[in-house]
Amino acid sequence: METKKRIIITDDDPAVQDAFRLILERAGYDVEIFANGQPLLSGDFVRPDLIILDRQLSGVDGLDICRHLKGEEDTRNIPVIMLSASPHIDRMARAAGADDFIEKPFRMRHLLDAVSRHLAPPMAA
Amino acid sequence: MAEEALRHSEEQQRIVLESAELATWDWDIVADSVLWNEQHYKVFGQKWDGGQPKQSADFTSRVHPEDREWVTALLHKAVEGTTPYLAEFRIIRADNERVRWMAGYGRAISRDDAGRATRMSGVMYDITHRKEIEQRKDEFLGVAAHELKTPLTAMKAYAEVLEDMLAEKADPSEATEVVRKLDDSIDRLDRLIRELLDATRLNEGRLELRKEPLDLAVLVRECVEESQRTTRTHRLEVEAETIPTIYADRERVRQVVDNILSNAIKYSPTGDRIVVRLSNVKDGVEVCVQDFGVGISDAATDKVFERFFRESDPAVKTFPGLGLGLYIANEIVQLHGGRLAVESRKGEGSTFCLTLPTGA
């Protein structure tokens, strides 16, 4: 039996956290929620299969967290999907190394498609 | 008699211009010679030189470098064409290098045979204050729109999950749970919008108080009772001296007390006592709410009443909201002639004290 993929979600709003958990657990993923970005910066977390990163986290800029994750040896290959209420940071997110960008509020289908796409195993050459 | 009438008319005009603080300019375009009134020198921060004729460059050189090109172009357009000159632009004052916003208006007084203006007259006045208010409002709207997307995100997610659950014929109790959460989110959004409206009214000086005789002790006990119902892990205690009736806006004061109580609960997440003290102070009555929760850092204590401020310490679990509650509470209290203050120590808790004056 295939082990469930683990996703770390960061968002400082309890309702959004809850909604994420609902959506992703129903889709068959294991979910861990961080209300702030500190553990991601300090490396104090079990490496997941994917990270959903909110742009604004308790005063810490999500872009900085993304750059940090992509700069570290053991986290640079974890796909990062950045989330923001502002549509204009798409380019900045990608420049910071994010693998994808989703604008809030998002369509559930859109999020799930992005997640499964980035979790898919790489195609054989 | 005609001379008398002319002098009278000129005097009247001077009074009108003075009272409106309007700078005037009179431009002989052919000779490029401009006459400024005293007010014109004032707004430019330049010393009155008795009215020496200026060149048009003496004006355009004061215009902010980023605005200079298009303002000059607009002036030329008014000279060549038939439209008046009308512009809002920045200048840099001569005396203190400060940037000020100006509104300028001018119209051709005479034209040559080719239709080109030969003389133009106009006014200029300082609109910096208005511009600052506009900018603050735009900024406010920007932040507000952004912040409202958070509750909308949760709501949309719940709605889509619900749709899915119904399509899959999922367990009704699960679906009902999601509906409840969706409903809660809607209530939260409603509260946020009210906060925004309050903050907007405050911003525009439109928040009006409806004062009436108020038994603060009764109001506080009502608020405490209601707050107690929202938490099973906290114990709210009231210690009250006998305090006189005050004159205040009942609903607005309730809003302030509710806000302080809900913060006390929020920021002591491990549950605990919350002590509410009512006492008499010089010329007023005081309500203090003390929690024994996470406390506020020294740096944040100064800013806690600022608009949109939220504690950014990663160790503090942040809660949703626009960061307007305390800002609004503080404004309401100040409108009453009272004071809202906080004392806090990180890790030990905070005490918020609200003081309202006795007497009308």
Side-chain angles (χ1 to χ4, degrees), chain A residues 9-29 31 33-45 52 54-62 64-65 68 81-89 102-113 115, chain B residues 142-168 170-171 174-175 177-192 266 269 294 297 299-300 303 308-323:
Chain A
I9 299 168
T10 64
D11 200 290
D12 58 7
D13 184 85
V16 174
Q17 289 169 9
D18 183 61
F20 263 128
R21 186 190 286 285
L22 204 52
I23 292 173
L24 291 168
E25 282 182 353
R26 290 185 81 243
Y29 299 108
V31 170
I33 302 197
F34 290 166
N36 70 70
Q38 206 47 38
L40 291 177
L41 286 174
S42 62
D44 188 13
F45 62 99
I52 297 179
D54 193 61
R55 168 71 203 279
Q56 260 178 330
L57 280 172
S58 325
V60 182
D61 192 335
D64 288 335
I65 298 178
H68 173 81
I81 298 179
M82 183 147 290
L83 220 58
S84 173
S86 171
H88 305 297
I89 75 152
I102 292 185
E103 190 188 338
K104 293 197 281 195
F106 53 82
R107 295 193 57 222
M108 182 173 74
R109 195 78 266 148
H110 188 187
L111 176 73
L112 290 175
D113 284 347
V115 167
Chain B
V143 176
H146 194 274
E147 295 293 326
L148 287 176
K149 286 201 175 188
T150 295
L152 283 180
T153 302
M155 285 164 62
K156 185 168 179 59
Y158 285 137
E160 292 191 339
V161 167
L162 197 52
E163 198 184 332
D164 238 29
M165 282 180 166
L166 290 172
E168 291 169 10
D171 189 326
E174 267 186 50
E177 179 69 12
V178 175
V179 173
R180 208 186 44 77
K181 289 181 179 181
L182 178 54
D183 195 29
D184 282 348
S185 292
I186 293 173
D187 287 340
R188 259 182 58 212
L189 184 58
D190 182 36
R191 272 198 301 276
L192 287 176
K266 249 193 244 177
V294 297
S297 65
K303 301 179 148 192
F308 297 126
F309 178 78
R310 276 186 288 176
E311 175 78 77
S312 61
D313 185 334
V316 174
K317 201 171 165 206
T318 55
F319 289 84
L322 292 165

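By convention in this document, chain letters (A, B, ...) are assigned in the order of the sequence lines, proteins followed by strands, and residues within each chain are numbered from 1.
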- Item | Least distance between heavy atoms, A:V16 atom then B:A154 atom | N-CB, 4.0 Å
- Turns out that what part of A:R26 lies under 4.5 Å from chain B's heavy atoms comes down to side chain
- Query: Is it the backbone or the side chain of A:D18 that comes under 4.5 Å from a heavy atom of chain B, or both, or neither?
  - Reply: both
- How many angstroms lie between CG in A:D11 and OG1 in B:T150, if you round to the nearest 0.5 Å? 6.5 Å
- Item | Closest contact, heavy atoms only, A:E103 versus B:K149 | OE2-NZ, 3.3 Å
- Task: Answer yes or no: are there more than 12 heavy-atom neighbours, outside B:E163 itself, under 6.0 Å from its atom CD?
- Result: no
- Sub-4.5 Å side-chain heavy-atom contact between A:L22 and B:E177: no
- Message: Out of A:A19, A:P39, A:S84, return the one with the most heavy atom pairs under 4.5 angstrom to chain B.
- Response: A:A19
- Measuring from A:D13:CG to B:T153:OG1, what's the distance to the nearest 0.5 Å? 8.0 Å
- Message: Let's go through B:K156 and A:R107 carefully: what are the C-alpha distance in whole Å and the side-chain angles of both, what is the deciding distance for side-chain contact (heavy atoms from CB on, under 4.5 Å) to 0.1 Å, and is it a yes or a no?
- Response: CA-CA 8 Å; B:K156 185 168 179 59; A:R107 295 193 57 222; 3.7 Å; yes
- Message: Which heavy atom of B:E160 sits nearest to which heavy atom of A:R109, and what is that distance?
- Response: OE1-N, 4.3 Å
- Engaged part of B:M155 at the chain A interface, taking heavy atoms whose separation is under 4.5 Å: neither
